[in-house]
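Below you'll find the structure, written out as structure tokens, and then a few comments.
So that the names make sense, note that chain A is the first sequence line, chain B the second, and so on, each numbered from 1.
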Number of protein chains: 2
Amino acid sequence: MTQPTNGDDKTGRKFGRRRKGEEKEQLKELILKTASELFIEQGYSAFSMRKLAAMLGYSPATLYLYYKDKDHLLFSVVDDGFTRFRQELAQASSSTSDPWERLDRIGEAYVQFGLTYSTYYQLMFMWRVDYLFEAKQGEEVPRLAAFQVLFDSVKYAQDHQAVKPGDPYVYSDMLWASLHGVVALAIQIPMFTPERTAKLVNHTKDMLYMALRS
Amino acid sequence: MTQPTNGDDKTGRKFGRRRKGEEKEQLKELILKTASELFIEQGYSAFSMRKLAAMLGYSPATLYLYYKDKDHLLFSVVDDGFTRFRQELAQASSSTSDPWERLDRIGEAYVQFGLTYSTYYQLMFMWRVDYLFEAKQGEEVPRLAAFQVLFDSVKYAQDHQAVKPGDPYVYSDMLWASLHGVVALAIQIPMFTPERTAKLVNHTKDMLYMALRS
DNA sequence: ATATTTAATGAACGATGTTCATTAAAAGGA
DNA sequence: TCCTTTTAATGAACATCGTTCATTAAATAT
């Protein structure tokens with residue numbers, strides 16, 4: 001009993017099955033997926049390589065054939081969160097051409113992401129902010145590019161006379177800081193019930209609108 | 001050489017010196033002070049009981065005669081930060097009777113604390129937020145009381161027709177979230193130079209002023 | 001059938017937080 | 001002064017952690 005079933009993975013053979021490179025990618029992805037699950041379930045501090053290995057049915061040492069170390073693995077988890085975050089903001093931005101509507105939807109998407117994927121948000125913006133700046137191997141888009149969307153939308157709104165003239169950097173910093181502050185409180189302070197959070201979000205939006213409109 | 005001098009502490013005798021209860025308090029304080037130093041120098045993740053014991057010249061086990069475990073020790077560190085934080089805000093609040101000046105000074109004190117004691121701020125409001133809610137043994141003032149100052153000043157300003165009518169909870173939440181957002185970005189994102197941070201702080205203050213004034 | 005390549009492993013190392021029986025210095029009593 | 005009791009401090013041990021590396025055996029190549 002409990003003898004390894006010949007399923008999609010984890011067949012009985014544990015040694016030296018040769019992978020065609022494609023299979024290696026698959027396992028690497030499976031590790032990442034499982035790591036995300038473990039991370040989301042148990043949180044950052046309870047995340048351990050040995051637990052992850054146990055979940056996968058592999059020896060801890062095997063993980064190091066696919067990821068250099070724990071840090072790089074977590075970095076990949078963060079990176080996934082970041083592309084998702086960027087996509088969400090970009091989609092909100094391109095969903096309308098009205099300058100204010102655009103800013104509003106971006107703000108909404110920001111908060112929504114933070115509240116929905118709060119564990120990710122914490123890892124990305126509170127616990128491992130350092131990951132934000134490591135320009136890693138596969139280069140791709142830098143992590144911080146997610147906030148370019150914010151800045152671009154501010155400039156866009158200024159070009160359309162929807163946002164008052166002034167340093168667009170400060171304006172997008174204000175947006176960033178306000179949204180981050182709201183999300184941070186909402187997901188970390190238990191007294192922030194959905195109702196209280198919603199009120200705060202709405203008032204903060206109004207505040208930003210008042211402060212930035214031309 | 002390096003033979004234990006008969007100084008204020010750490011005499012040669014290592015065993016069973018009996019303490020009069022007062023001395024025990026002193027050592028407990030020394031441990032806390034040294035823990036704060038270690039924590040500030042090395043950060044949260046590099047903080048270890050064994051390093052701390054080495055700094056003090058004691059065995060790791062000794063620490064457990066004075067603090068239940070690492071968590072309680074760090075909690076005491078956080079608690080120190082919190083009383084300091086509360087004091088700073090309270091002092092700013094009582095330094096003037098002008099409603100807006102008061103709110104402004106509280107905001108200034110908040111940001112100043114965050115930037116000055118950034119390591120504390122991170123531990124208190126980002127990494128170990130859970131400490132905020134543990135009503136510990138010596139009861140004293142709950143950690144969250146620090147934010148009562150914010151709320152009180154909003155109400156005070158409303159009573160003096162300086163802040164417009166409306167739910168004072170939302171208003172103080174807005175203050176809290178905005179200030180936290182600014183501080184969080186400033187101390188975590190290296191691109192936030194002092195200049196950029198100062199601009200952000202000023203604009204955020206103006207924004208809050210516009211949004212809350214009657 | 002044999003040799004080569006390589007995915008996976010077990011065992012080990014150092015560091016961590018924590019517990020507990022043991023030690024020896026101080027205090028109290030004769 | 002000697003003996004007993006109290007107790008501050010310890011060393012050794014345990015479990016857990018991240019990580020490395022020589023070893024194993026399955027898949028492939030010859």
Side-chain angles (χ1 to χ4, degrees), chain A residues 4 6-32 34-35 38-39 42-77 127-128, chain B residues 3-4 6 8-32 34-35 38-39 42-77 127-128:
Chain A
N6 235 9
D8 37 12
D9 66 340
K10 307 294 313 328
T11 65
R13 52 219 163 95
K14 301 285 297 180
F15 277 92
R17 94 245 250 164
R18 175 164 291 185
R19 307 190 171 278
K20 308 189 136 82
E22 189 203 352
E23 288 182 52
K24 287 196 66 171
E25 271 317 309
Q26 268 178 244
L27 181 49
K28 186 166 184 175
E29 290 251 349
L30 179 63
I31 291 176
L32 179 56
T34 313
L38 175 60
F39 165 71
Q42 309 247 12
Y44 177 61
S45 60
F47 180 93
S48 93
M49 296 297 270
R50 299 177 111 107
K51 273 188 206 160
L52 175 58
M55 283 177 73
L56 287 160
Y58 283 101
S59 156
T62 303
L63 301 177
Y64 292 84
L65 300 181
Y66 298 87
Y67 291 92
K68 184 169 169 288
D69 55 23
K70 187 185 180 184
D71 233 50
H72 282 70
L73 180 47
L74 275 177
F75 180 84
S76 295
V77 173
W127 293 333
R128 297 306 304 265
Chain B
Q3 99 177 344
N6 235 11
D8 36 14
D9 66 338
K10 303 300 309 331
T11 66
R13 51 222 164 93
K14 300 286 296 179
F15 277 91
R17 93 245 249 162
R18 175 165 291 187
R19 307 189 169 280
K20 311 188 132 83
E22 189 203 352
E23 288 182 51
K24 286 196 67 171
E25 272 315 311
Q26 267 179 245
L27 180 50
K28 187 165 184 175
E29 290 251 350
L30 179 62
I31 291 176
L32 178 56
T34 313
L38 176 60
F39 165 71
Q42 309 248 13
Y44 177 61
S45 60
F47 180 93
S48 93
M49 296 298 269
R50 298 177 112 106
K51 273 188 207 159
L52 175 58
M55 283 177 73
L56 288 160
Y58 283 100
S59 155
T62 303
L63 301 178
Y64 292 84
L65 300 181
Y66 298 87
Y67 291 92
K68 183 169 170 286
D69 54 23
K70 188 186 179 183
D71 234 50
H72 282 69
L73 180 47
L74 275 177
F75 180 83
S76 295
V77 173
W127 293 333
R128 297 306 303 266

If you restrict it to nitrogen or oxygen atoms, what contacts under 3.5 Å exist between nucleotides 11-14 of chain C and the protein, and what is each distance?
none

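- A salt bridge (charged side-chain N to carboxylate O under 4.0 Å, His left out) check over residues 47-68 of chain B, counting only residues at least two apart or in different chains, returns nothing.
- The side chain of Leu65(B) has dA8(D) as its nearest neighbour among dA8(D), dT19(D), dG17(C).
- Shown here for Leu56(A) and Thr34(A), the closest heavy-atom pair between the two residues is CD2-OG1, 3.3 Å.
- Look at Lys70(B) and you won't find any side-chain N or O under 4.0 angstrom from OP1 or OP2 of dT18(C).
- Distances from the side chain of Ser48(B) to the nucleotides dT19(D), dT16(C), dA8(C) place dT16(C) closest.
- Nucleic acid contact for Phe47(B): sugar-phosphate only, since backbone atoms but no base atoms lie under 4.0 Å from a heavy atom of the residue.
- What you find for Val77(B) and Ala35(B) is that their closest heavy atoms are CG2-CB, 4.2 Å.
- Partners of Asp69(A) according to the salt bridge (charged side-chain N to carboxylate O under 4.0 Å, His left out) rule, which considers only residues two or more places apart in sequence or in another chain, do not exist here.
- Partners of Phe75(B) by ring-ring contact (aromatic ring centres under 6.0 Å, His included), not counting sequence neighbours, listed by chain and number: Tyr131(B).
- Within the 4.0 Å cut-off from OP1 or OP2 of dA9(D), not a single side-chain nitrogen or oxygen of Tyr64(B) is found.
- Straight-line distance from the OH atom of Tyr58(B) to the C1' atom of dA8(D): 9 Å, rounded to whole Å.
- The phosphate of dA8(C) has OP1 or OP2 within less than 4.0 Å of a side-chain N or O from Tyr66(A).
- Taking OG from Ser48(A) and CG from Leu38(A), the interatomic distance works out to 7.0 Å, rounded to the nearest 0.5 Å.
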